[in-house]
Amino acid sequence: MAVSNEIEALTKAFSGFGVDEKSLISILGKWHPEQMKSFRKGTQFFIEDERLFERWVDRHVEQLKQEFLRFKSAVVLWTMHPWERDGRLIRDAMIHGQKSNNVLVEIACTRSSEELLGARRAYHSLFDRSIEEDIACTLNGAQRKLLVALVSSYRYEGPKFHEETAKSEAKILSTAIKNAGKKNPLEDEEVVRILSTRSKLHLKEVFKHYKEMSGRNIDEVLDAAINPGADENTKEGLTRIIVTRADVDLKVIKEEYHKQSGITLTERIEHIANGSFKDFLHVLLARGG
């Protein structure tokens, strides 16, 4: 089917004139980002606001969530510009409260500096306020300080780091965690500084040295501190990861998931999803190689 015919078919489906779910899955599953961009530019479902930001028309989002209920919002998320998608995911996480702090951390820590900046710009356009101010108003305590710092970050992404500095900062983390009975490590300004400003490569070295010093993985400690009630909605989490990382690093995620859980993501989808929702996740999973 020619791209113009595929756009016409999607436009018809998104207009509420009946959905051929198999065709929808086939078209969206094979389209590359440029084809998705052409669709957004050529239909009435998307607008450019006064900030020249491309976004879904809100009433269509709500309509499609009902129309594609069986897809668990995966279709709606997949067609969005990645920045808009992250902005809406962040907003939903804040509405759900502390149990979804992991979503905020996930987006802040897995996106590139430009992608995170884009999500912040999208949030401005979508909700007429900033991510930072909403986190500050919604959360409290130690988590608030770290999460505001994480979403505000614009990390260096080059290959250089200083080995001795990484060792020194691993000691700072180790000391803060040892004193956790007296003071939450996330209340320590040096801990927040390290976690929110250092490059990912630098942090990888810091965490390596921390493990050598303590015998523990830092993520176990931080997860308990940041997420006292983690997001338990497996379907939502699985959809979010597959939709947002399908064209980025899903192959690595699949390998790591298999290593840690003993089953493949494909098997996991078979256990928790069904129908068109399951088929769509499988198609997106296949994009990651």
Side-chain angles (χ1 to χ4, degrees), residues 51 53 81-94 98 100-127 129-163 165-174 176-177 184-210 217-227 230-231 240-241 244-245 248-249 252-253:
R51 300 180 181 93
F53 184 77
H81 189 290
W83 297 352
E84 177 183 4
R85 184 166 60 212
D86 282 345
R88 290 186 184 276
L89 287 170
I90 287 169
R91 179 62 183 160
D92 287 346
M94 281 190 273
Q98 194 176 42
S100 292
N101 281 356
N102 62 308
V103 179
L104 304 178
V105 174
E106 175 190 307
I107 292 173
C109 295
T110 62
R111 289 0 177 211
S112 70
S113 295
E114 284 296 322
E115 288 168 344
L116 184 56
L117 182 61
R120 290 163 64 191
R121 288 175 56 199
Y123 201 92
H124 290 179
S125 288
L126 292 166
F127 307 113
R129 50 191 183 270
S130 72
I131 294 172
E132 297 90 331
E133 68 180 295
D134 273 0
I135 289 177
C137 292
T138 304
L139 301 177
N140 50 47
Q143 291 94 345
R144 176 169 65 184
K145 184 183 291 186
L146 177 62
L147 287 169
V148 168
L150 285 177
V151 299
S152 306
S153 180
Y154 193 88
R155 299 177 193 270
Y156 165 68
E157 295 180 336
K160 296 180 180 180
F161 65 91
H162 195 279
E163 183 72 25
T165 302
K167 287 181 181 178
S168 172
E169 292 181 342
K171 290 179 183 177
I172 292 173
L173 292 184
S174 180
I177 290 167
N184 187 326
L186 300 185
E187 294 176 354
D188 188 314
E189 290 188 3
E190 282 295 277
V191 172
V192 173
R193 175 189 64 80
I194 293 165
L195 295 178
S196 63
T197 66
R198 291 303 191 186
S199 73
K200 293 172 185 177
L201 187 59
H202 180 94
L203 286 175
K204 186 176 180 181
E205 288 301 306
V206 172
F207 298 161
K208 181 188 78 173
H209 291 304
Y210 173 82
N217 288 319
I218 191 73
D219 56 340
E220 299 170 4
V221 179
L222 294 178
D223 187 57
I226 297 169
N227 286 309
D231 178 11
R240 184 180 67 250
I241 297 296
T244 61
R245 310 308 290 178
V248 185
D249 53 4
V252 175
I253 291 171

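Keep in mind that what you see is a predicted model, and the values were worked out from it rather than measured.
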Heavy-atom pair of closest approach, residues [X] and [Y]:
| X | Y | value |
| --- | --- | --- |
| Y123 | R129 | CD2-O, 3.3 Å |
| V192 | A149 | CG1-CB, 3.8 Å |
| H202 | H162 | CE1-O, 4.0 Å |
| A93 | V103 | CB-CB, 3.8 Å |
| G158 | L201 | O-CD2, 4.2 Å |
| V191 | P185 | CB-O, 3.4 Å |

Heavy atoms, side chains only, cut-off 4.5 Å: are P82 and E115 in contact?
no
Can you find a heavy atom in the side chain of I90 that is under 4.5 Å from one in the side chain of I107?
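Side chain of I90 against side chain of I107, heavy atoms only: contact under 4.5 Å found.
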When rounded to the nearest 0.5 angstrom, what distance separates [atom1] in [X] from [atom2] in [Y]?
| X | Y | atom1 | atom2 | result |
| --- | --- | --- | --- | --- |
| H81 | D86 | NE2 | CG | 10.5 Å |
| L173 | L195 | CG | CG | 6.0 Å |
| N102 | C109 | CG | SG | 11.5 Å |
| I131 | R120 | CD1 | CZ | 7.0 Å |
| I218 | L203 | CD1 | CG | 10.0 Å |
| L147 | M94 | CG | CE | 9.5 Å |

Any chance you could lay out the side-chain contact (heavy atoms from CB on, under 4.5 Å) test for L116 and Y154, step after step, and finish with the verdict?
CA-CA 8 Å; L116 184 56; Y154 193 88; over 6 Å; no
For [X], enumerate each residue passing the side-chain hydrogen bond (donor to acceptor under 3.5 Å, both in side chains) test, keeping only those at least two apart in sequence or located in another chain.
| X | result |
| --- | --- |
| E163 | H209 |
| T138 | none |
| D188 | none |
| S125 | D49 |

Just checking K171: does its NZ atom have more than 12 heavy atoms from other residues, nucleotides or ligands closer to it than 6.0 angstrom?
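No.
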For [X], give me all partners under salt bridge (charged side-chain N to carboxylate O under 4.0 Å, His left out), at least two apart in sequence or on another chain.
| X | result |
| --- | --- |
| R121 | none |
| K204 | none |
| E114 | none |
| R88 | D58, E84 |

Selection residues 141-159 - residue pairs positive for salt bridge (charged side-chain N to carboxylate O under 4.0 Å, His left out), sequence neighbours left out:
none
Only pairs at least two apart or in different chains count here, so list each salt bridge (charged side-chain N to carboxylate O under 4.0 Å, His left out) that has a residue in residues 191-202.
E169-R193, E169-R198, E190-R193
Checking S174 side chain against A170 main chain: does a donor-acceptor pair fall under 3.5 Å?
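A pair under 3.5 Å: no.
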Using side-chain contact (heavy atoms from CB on, under 4.5 Å), reason through K167 and V206 one step at a time and then give a plain yes or no.
CA-CA 6 Å; K167 287 181 181 178; V206 172; over 6 Å; no
Output, in order, the C-alpha distance, side-chain angles, deciding distance and verdict of side-chain contact (heavy atoms from CB on, under 4.5 Å) for D134 and R91.
CA-CA 9 Å; D134 273 0; R91 179 62 183 160; 3.4 Å; yes
According to ring-ring contact (aromatic ring centres under 6.0 Å, His included), who are the partners of Y156, at least two apart in sequence or on a separate chain?
none
Set out, in order, the CA-CA distance, both residues' side-chain angles and the distance that settles side-chain contact (heavy atoms from CB on, under 4.5 Å) for L117 and R111, then state yes or no.
CA-CA 9 Å; L117 182 61; R111 289 0 177 211; over 6 Å; no
Can you list the residues that meet the side chain to side chain contact (heavy atoms under 4.5 Å, CB included) rule with S168, with sequence neighbours excluded?
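Listed in chain order: nothing, the list is empty.
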